[in-house]
There are 2 protein chains.
Amino acid sequence: MDNQDIRKAGLKVTLPRIKILELLENNTQRHVSAEDVYKMLLDNGEEIGLATVYRVLTQFEAAGLVTRHNFEGGHAVFELDRGGHHDHMVCVVCGKVEEFIDTTIEKRQREIAKEHGFEMVDHSLIIYGHCGNPKCKVGY
Amino acid sequence: MDNQDIRKAGLKVTLPRIKILELLENNTQRHVSAEDVYKMLLDNGEEIGLATVYRVLTQFEAAGLVTRHNFEGGHAVFELDRGGHHDHMVCVVCGKVEEFIDTTIEKRQREIAKEHGFEMVDHSLIIYGHCGNPKCKVGY
DNA sequence: AATGATGATGAGAATCTTTTTCATTGCAAG
DNA sequence: CTTGCAATGAAAAAGATTCTCATCATCATT
């Protein structure tokens, strides 16, 4: 019941919001920029303005439906929150993104924050490296 | 011998580069945006263009003299590389930045990368939370 | 089902950050 | 001291995101 998620967020159930949420749910690549979303909607024949895409994604983020990541490169990417939190591993050559979750690190982070007098509310961990693809290996 | 660092990077020793490196070394706040650097130079009476600041910071980054961080908010911040790697903790209210390093996490990251077939070359860990300042606490 | 208040949308303008262009200047090797 | 080539400043351009505003759609209430 996606529409309920929108409603629960205190937002009206409108066509742009439904379409954007659908796209995030069904799209193969989990990490998309606002521009990506906009273009995909266009390809699907939806007449949704870029400004609306930005607005909706920001609202979804505030509602906890999606997460915004600031990867390298100046533009943000969004990802549907499927309940489970996870971190990212990005290949510096091909850009491939893998997700992972590690309880050791998760736990340690909370401890470190506390040691510094912080109360952790969120975190961002991105590992950059060369992925398994031979073409992405060092010295190729 | 800062000028040697510039030279070693294969760059000519010019006034803008010297001034920017000096500023990064002597400035109290370690994390500065290109705009910050530009304005501080202006305040110091230096006539250095914003484009040059961007160029030089990017060159310094390539040379390993500074590190670029993509914190939330759309603009990058730069930090002088004082040899030691470290991660960041950012207060979501006042923006205060604290640095930390944790061997448990550092080690675990390498292991995780390897488990996924990645060879880690870098990483970015940012913990967001409420800092010790009472005004930044939840429910203030 | 009609109504109306309020929120949402689209288009384009505006803003902000960063990069590029290009004519001019200055470092540094000989 | 000359000279090539890199570096610079100013302004324009590009890219990402937000804002403005007139119009339109949703939804709680009739």
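Proteins come first, then strands; the chains are lettered A, B, ... in the order of their sequence lines, and each starts at number 1.
Note: CD (A:Glu47) to C1' (D:dC24) measures 15 Å, nearest angstrom. Distance A:Phe60 CZ to D:dT17 C1': 18 Å, rounded to the nearest Å. Distance CG (B:Leu15) to P (C:dC27): 8 Å, rounded to an integer number of Å. Atoms CG (B:Asn3) and C1' (C:dC27) sit 13 Å apart, rounded to a whole Å. Atom-to-atom, CZ of A:Arg17 to C1' of C:dA8 comes out at 6 Å; the value is rounded to the nearest Å.
For B:Ala76, the side-chain atoms get nearest to C:dT18 when compared with the rest of C:dC27, D:dA16, C:dT18. Among D:dG9, D:dT8, C:dT9, the nucleotide with an atom closest to any side-chain atom of B:Val56 is D:dT8. Of the candidate nucleotides D:dA7, C:dG7, D:dT8, C:dG7 has the atom lying nearest to any side-chain atom of A:Lys12.
Comparing the local axis fitted to the first five base pairs of the helix from C:dA1-D:dT30 to C:dG30-D:dC1 with the one fitted to its last five gives a bend of 30°, rounded to 10°.
A salt bridge does not link B:Arg108 with B:Glu106: every distance from a Lys NZ or Arg NE/NH1/NH2 to an Asp or Glu carboxylate oxygen is 4.0 Å or more. Using a 4.0 Å cut-off between charged nitrogen and carboxylate oxygen, A:Glu25 and A:Arg82 do not count as a salt-bridge pair. A salt bridge links B:Arg30 with B:Glu99: the distance from a Lys NZ or Arg NE/NH1/NH2 to an Asp or Glu carboxylate oxygen falls below 4.0 Å.
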Protein and nucleotides 18-23 of chain D: nitrogen or oxygen contacts under 3.5 angstrom:
from	atom 1	to	atom 2	distance (Å)
D:dT20	O4	A:Arg55	NH1	3.4

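In this structure, A:Thr14 does not reach the C:dG7 phosphate: none of its side-chain N or O atoms is under 4.0 Å from OP1 or OP2. Within the 4.0 Å cut-off from OP1 or OP2 of C:dA28, at least one side-chain nitrogen or oxygen of B:Arg7 is found.
Using a 4.5 Å cut-off on side-chain heavy atoms (C-beta onward), B:Leu80 and B:Phe60 make no contact.
Here A:Glu35 lies out of heavy-atom contact (under 4.0 Å) with every strand.
For A:Val37 against A:Leu23, the heavy-atom pair with the smallest separation is O-CD1, 4.1 Å. Looking at every heavy atom in both residues, B:Lys12 comes nearest to B:Ile6 through O-CG2, 3.6 Å.
Here salt bridge (charged side-chain N to carboxylate O under 4.0 Å, His left out) pairs that include residues 40-52 of chain A, with residues two or more places apart or in two chains, are A:Lys19-A:Glu46.
Using a 30° and 60° split on the angle between ring planes, A:His88 and A:His31 fall in the perpendicular class, above 60°.
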